Amino acid sequence: DVVREAIDATVARAASTPELAEHAQALTRAADDVAAATRAAWSTGVAAEALANATPYLQAFGHVVLAWIWLDVALVGDGDDGPAACGRRAAMQYFYAYELPKIDAWLGVVAAREDVCRAMQDEWF
């Protein structure tokens, strides 16, 4: 798929930079986790089950895309130690430390095809 190929290209570039290699691995794991959750959500072929947790799926997917963008941004001016380059790397590090880990919770309900929201009935409100 085109998006995964683009992510993998960024990962390959970042993997050769010692300060970005760990982040490249984290992005690979996150993209793999989204793919696995997608397969699990659609494993029954029942759209209502797969789509019941669309919101957390989209939150996780969006965070993977942002992690990819931040890694790509950190690669701009690789080797530059000026303030702007340091700021870009710090913003990327923040996102990977504080935001990217959130996808585990979101993808957990997606992969399990959790049906709490789907099973809710109007009269229960």
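What you are looking at is a predicted structure, and each value in this text was computed from that prediction instead of being measured.
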Asp32/Arg4 salt bridge by N-O under 4.0 Å criterion:
yes
Would you mind checking if Asp81 and Arg89 are paired as a salt bridge, meaning a charged N to carboxylate O distance below 4.0 Å?
yes
Pairwise side-chain contact, [X] with [Y], heavy-atom cut-off 4.5 Å (strictly under):
X     : Y      : result
Met92 : Val73  : no
His23 : Leu100 : no
Thr38 : Tyr57  : yes
Phe61 : Val110 : no
Asp8  : Glu5   : no
Trp68 : Val11  : no
Tyr96 : Gln93  : no
His63 : Phe95  : yes

Hey, what do you get for [atom1] ([X]) to [atom2] ([Y]), rounding to the nearest 0.5 Å?
X     : Y      : atom1 : atom2 : result
Arg88 : Asp80  : CZ    : CG    : 6.5 Å
Arg29 : Ile103 : CZ    : CD1   : 10.0 Å
Ile69 : Ile7   : CD1   : CD1   : 9.5 Å
Thr10 : Asp72  : OG1   : CG    : 4.5 Å
Ser43 : Glu49  : OG    : CD    : 7.5 Å

Could you pull out the closest heavy-atom pair between [X] and [Y], with the gap in Å?
X      : Y      : answer
Ala119 : Trp124 : O-CZ3, 3.6 Å
Ala15  : Ala21  : O-CB, 3.7 Å
Val109 : Pro56  : CG2-CG, 3.8 Å
Gln121 : Phe125 : O-CD1, 3.6 Å
Ala14  : Leu75  : CA-CD2, 3.9 Å
Ala24  : Leu71  : CA-CD2, 3.9 Å

Under 3.5 Å: donor-acceptor pair, side chain of [X], backbone of [Y]:
X      : Y     : value
Arg113 : Ala40 : yes
Asp115 : Ala52 : no
Thr17  : Glu19 : no

Quick check on Glu99: does its CD atom have over 12 non-hydrogen neighbours (other residues, nucleotides or ligands) under 6.0 Å away?
yes
Test side chain to side chain contact (heavy atoms under 4.5 Å, CB included) on Trp106 and Asp33; report intermediate values, then the result.
CA-CA 11 Å; Trp106 294 325; Asp33 290 347; over 6 Å; no
If two hydrophobic side chains count as joined below 4.5 Å and joins carry through other members, does Val3 share a cluster with Leu66?
yes
